[in-house]
Colleague: 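So that we are looking at the same thing, I have put the structure below in structure tokens.
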Amino acid sequence: MDFQLTEDQRALQRATRELLAKRFGPDRLRAAVGDPAPDRALWRELGAAGFFALRLPEEAGGVGLGLPEAVLVLEETGRALLPGPLVACQLLAGVVDGVASGEKIVGLCEGGREPVLWEHPAACEELILVESGTECRDGPGEGAQGRTCGVYRSAAEQVSCAPFASVDPLTPLARVTELPRTEALALDVPRLRREAALLTAAQQLGSAARTVELAVTHAGRREQFGAPVGSFQAVKHLCAQMLVRAEMARYAVYAASVTDGDLDVTGAKLLADEAAVRNARDCVQVHGGMGFTWEADVHLHLKRAWLRAECWGVAGEAEELLAADLIV
Amino acid sequence: MDLTCTEEEDAFRARLRRWLGEVLPTLPAKPAVADWPGRRAYDAAWQRMLYDAGYAGLHWPEDAGGQGATPTQHLIFLEETERAGAPYVGANFVGLLHAGPTVATEGTAAQRARWLPPILRGDEIWCQGFSEPDAGSDLAALRTTAVRDGDHYVISGTKLWTSHAEVADWCELLVRTDPDAPRHRGISWLAMPMDAPGVTVRPLRTLAGSAEFAELFLDEVRVPVSHRVGAENDGWRVTMVTLSFERGTAFVGEVVACRRMLGALARTARDNGRWDDAVLRRRLGRLHAEFAALWRLTQWNVSEAAAAARPRGGRPGGGGVPGTGGSVFKLRYSHARQELYDTAAEVLGAGALDADHEWVAGRLSSLSYTIAAGTSQIQRNIVAERILGLPKGR
Ligand SMILES: Cc1cc2nc3c(=O)[nH]c(=O)nc-3n(C[C@H](O)[C@H](O)[C@H](O)COP(=O)(O)OP(=O)(O)OC[C@H]3O[C@@H](n4cnc5c(N)ncnc54)[C@H](O)[C@@H]3O)c2cc1C
């Protein structure tokens, strides 16, 4: 057992962080608040860097890496608050032409949830629907027992939507009212869901770790009563709790990426959601009045964290699944 | 990142499992909670069995009498013994989990030879004489004095909350050897025999009703200078080594125990109908994730310690001193454990008021987890100042 990042994994983490810092720094982030459409040039650059093709075999033009590496990379996008259907494109590279290279952007939505939401509707060429058990039709998949049973693609212009004002200014959402299923995709649905949950958790982890840094930096700089506010225990303890949450989420997420087990992923998502949401809240608190302004980036972390917590398994479901496992 | 075990590790696990399967049924019945001498004898006998089978001080370096096993093997050992329901380290806690490792790391060859084998055999029990009436969280405020008289220290003072003091043979004792030095500088770390003249032990009753710790009155107790571990007045540094062992690795096995208890609790809830309460069920589910993550955190910390020991050419299998990551673990673990017992109380309903119920003793003693070995507030200070680098408060 060597549950540590390998040298290659560290290098991948570093390279991703550097690329994102260069191409999606604070100024780009603020610009994206006004115009959240994914930056196509950046998307292609990510594609060229192998970001989406990470897990495709080398014969298929991919990088031939695995889930742990995908998790590390998605964690970095969570840190940077990079907008766009990153999880969808990561999962559908090699399935839908053009996604691996970053030429094409696809969305992925969960059927059966209410409302059915679509991330970045204006930017996607296609929308892929993951059906849930009750709405299963004929087609590939398990049917009866499984929670989901089919994946269908649909051209973006054929999807009917109702307006939906997204709480996250960086993630426009549409409420899907009708989705013609044009072509079934032969995908392993439970696996798709599991990986979507894990990669989303990885982004939550990145965000949770980032808000610890933002809080600590602010607390070290901002002075009140003649001292940095970070020297006050009430503030210090908030920061310590933030780190503990992020660390718990980190190892749960990393371990799940190695075991790829259903319950491991479920637990990791639960803890990562909690870490991202609560850390963002505490980070706002540490920033004081500044934290409540639109100018501080903290609210962007909180809003994205709320959104991700609603995707691919919410807390209540996760807790029920984990509870059920205790008595089997 | 790799969580799979090597063939060697799997073989080690299989061997251990087989051995546990053979010996555990031969153990005598557990003594009553209040029967301290009985508990000592029981814990010592178990330690002796481990020793005879080659499992004592598994991850200690070989020159300290250990087996020089890898940290991963140690983790497997904790996992398997706990899973099999083997006895808990109990009265051997201080000796095996922090005094011993401190002597192994900081002691001279003679000190290692004198103190470590009896700890490993279960022959000698240690206690920890750090806290004092006016020095708990602020340990550097300790006042117990040690005055040099030839090749002895003459020690006077009072220690408090000394766990296992009643049955201990040795005490890892912090004393002030230089009253004029700045508070952190004048401290030394000594091994004091508990039967030395001038040592009086007065048991203290805990809120759990048991008498597992005591007050220690030291009246001109003479301890040879050769019993000092580390240099004179360098005891604060040695203490940090002890505390990092105490916070770093000492609670690891318990996480496995908690996972087992959680499963038992869920089945109890199913049987008594409380399972139908979705709020309660969800709390159980969350705890499941919590303890699983604590185990992953442990695996990470252990792998990290193993990796840190490798390039530095440290003692083979010696582990090395655990870092501040122990504070992160202790913080979350101590609260999760209390949450587990509170949830158990909800499952048990009025049964949780029955002092004879096995969960009740656990619930009561879990109150100490956020206090002993450094309170949660102190751990948060450590995390904030030493890991996050926030400014020290005044
Ligand atoms: C079951 C049990 C077993 C123990 N066994 C041993 C043993 O074997 N050997 C031994 O030496 N000691 C032992 N102790 C003592 C233990 O280490 C101390 O109780 C502990 O370190 C806290 O010190 P204190 O009791 O003096 O509390 P205090 O320091 O008086 O703390 C009181 C309260 O103030 C808070 N506080 C104190 N300082 C700060 C600060 N700087 N910032 C924020 N909050 C602060 C604390 O968190 C706590 O809530 C044991 C304690 C228990 C409960």
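By convention in this document, chain letters (A, B, ...) are assigned in the order of the sequence lines, proteins followed by strands, and residues within each chain are numbered from 1. A quick note: this is a predicted structure, and the numbers were derived from the prediction, not measured.
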Colleague: Once you round to the nearest 0.5 Å, how far does CD of B/Glu290 lie from CG of A/Leu271?
Modeller: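 So the CD of B/Glu290 and the CG of A/Leu271 are separated by 6.0 Å.
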
Colleague: Taking B/Leu284, B/Leu262, B/Leu331, B/Leu265 one by one, which has the highest count of heavy-atom pairs under 4.5 Å against chain A?
Modeller: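 Highest number of heavy-atom pairs under 4.5 Å: B/Leu262.
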
Colleague: What part of B/Trp295 gets closer than 4.5 Å to chain A, counting heavy atoms only: side chain, backbone, both or neither?
Modeller: neither

Colleague: For A/Glu223, is the CD atom crowded, meaning more than 12 foreign heavy atoms sit under 6.0 Å from it?
Modeller: yes

Colleague: Assess whether atom CZ of A/Arg281 is packed by more than 12 heavy atoms of other residues, nucleotides or ligands within 6.0 Å.
Modeller: no

Colleague: Compare all side-chain heavy atoms of B/Leu297 with those of A/Met248 and state whether any distance is below 4.5 angstrom.
Modeller: yes

Colleague: Among A/Leu5, A/Leu326, A/Thr266, which residue has the highest count of heavy-atom pairs closer than 4.5 Å to chain B?
Modeller: A/Leu326

Colleague: Identify which part of A/Arg245 has an atom lying under 4.5 Å from any heavy atom of chain B, answering side chain, backbone, both or neither.
Modeller: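 Both the backbone and the side chain of A/Arg245 come within 4.5 Å of chain B.
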
Colleague: Can you tell me how far the CD1 atom of A/Ile327 sits from the CZ atom of B/Arg281, to the nearest 0.5 Å?
Modeller: 9.0 Å

Colleague: Taking atom OG1 of B/Thr70 and atom CG of A/Asp2, what is their separation to the nearest 0.5 Å?
Modeller: 11.0 Å

Colleague: Measure distances from A/Ala324 to the heavy atoms of chain B and classify the residue's part below 4.5 Å as side chain, backbone, both or neither.
Modeller: backbone

Colleague: Non-hydrogen atoms of chain B under 4.5 Å away: do they reach the side chain of A/Val258, the backbone, both or neither?
Modeller: side chain

Colleague: Quick one: what part of A/Glu213 sits under 4.5 Å from any heavy atom of chain B, side chain, backbone, both or neither?
Modeller: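 When you check distances to chain B, no heavy atom of A/Glu213 falls under 4.5 Å.
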
Colleague: As an exercise, state the distance from CD1 of B/Ile387 to SG of A/Cys239, rounded to the nearest 0.5 Å.
Modeller: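 So the CD1 of B/Ile387 and the SG of A/Cys239 are separated by 12.5 Å.
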
Colleague: Could you measure the distance from the CZ atom of B/Arg332 to the CD atom of A/Gln241? Nearest 0.5 Å is fine.
Modeller: 8.0 Å

Colleague: Counting heavy-atom pairs under 4.5 Å to chain B, which of A/Pro228, A/Gly316, A/Ala318, A/Ala268 comes out on top?
Modeller: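 With the most close heavy-atom pairs to chain B, the winner is A/Gly316.
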
Colleague: Test of understanding: with salt bridge (charged side-chain N to carboxylate O under 4.0 Å, His left out), list the residues that count as partners of A/Arg55, not counting sequence neighbours.
Modeller: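 Result, salt bridge (charged side-chain N to carboxylate O under 4.0 Å, His left out) vs A/Arg55: A/Glu195.
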
Colleague: Might you point out which heavy atoms bring B/Gly285 and A/Leu322 nearest each other, and give the distance in Å?
Modeller: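 Smallest heavy-atom distance, with atoms named: O-CB, 3.4 Å.
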
Colleague: Taking all heavy atoms of A/Phe3 and all of B/Met1, pick out the closest pair and write down the distance.
Modeller: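 So the minimum-distance heavy-atom pair works out to CE1-SD, 4.0 Å.
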
Colleague: To the nearest 0.5 Å, what is the distance between CZ on A/Arg250 and CH2 on B/Trp300?
Modeller: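 CH2 of B/Trp300 is found 8.0 Å from CZ of A/Arg250.
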
Colleague: Is there a side-chain contact (heavy atoms from CB on, under 4.5 Å) between B/Leu75 and A/Met1? Walk through the geometry before answering.
Modeller: CA-CA 10 Å; B/Leu75 207 60; A/Met1 186 192 76; 3.8 Å; yes

Colleague: In terms of heavy-atom pairs under 4.5 Å with chain B, which of A/Glu274, A/Lys236, A/Glu319 leads?
Modeller: A/Glu319

Colleague: Compare every heavy atom of A/Gly220 with every heavy atom of B/Leu390, then report the nearest pair and how far apart it is.
Modeller: CD2-N, 4.2 Å

Colleague: Specify which of B/Glu385, B/Arg286, B/Gln379, B/Gln377 makes the most heavy-atom pairs with chain A at under 4.5 Å.
Modeller: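 Counting heavy-atom pairs under 4.5 Å, the top option is B/Arg286.
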
Colleague: Quick one: what part of A/Val253 sits under 4.5 Å from any heavy atom of chain B, side chain, backbone, both or neither?
Modeller: neither

Colleague: Using heavy-atom distances under 4.5 Å, tell me whether A/Gln4 contacts chain B through its side chain, its backbone, both, or neither.
Modeller: both

Colleague: Specify which of B/Glu9, B/Arg380, B/Arg296 makes the most heavy-atom pairs with chain A at under 4.5 Å.
Modeller: B/Arg380

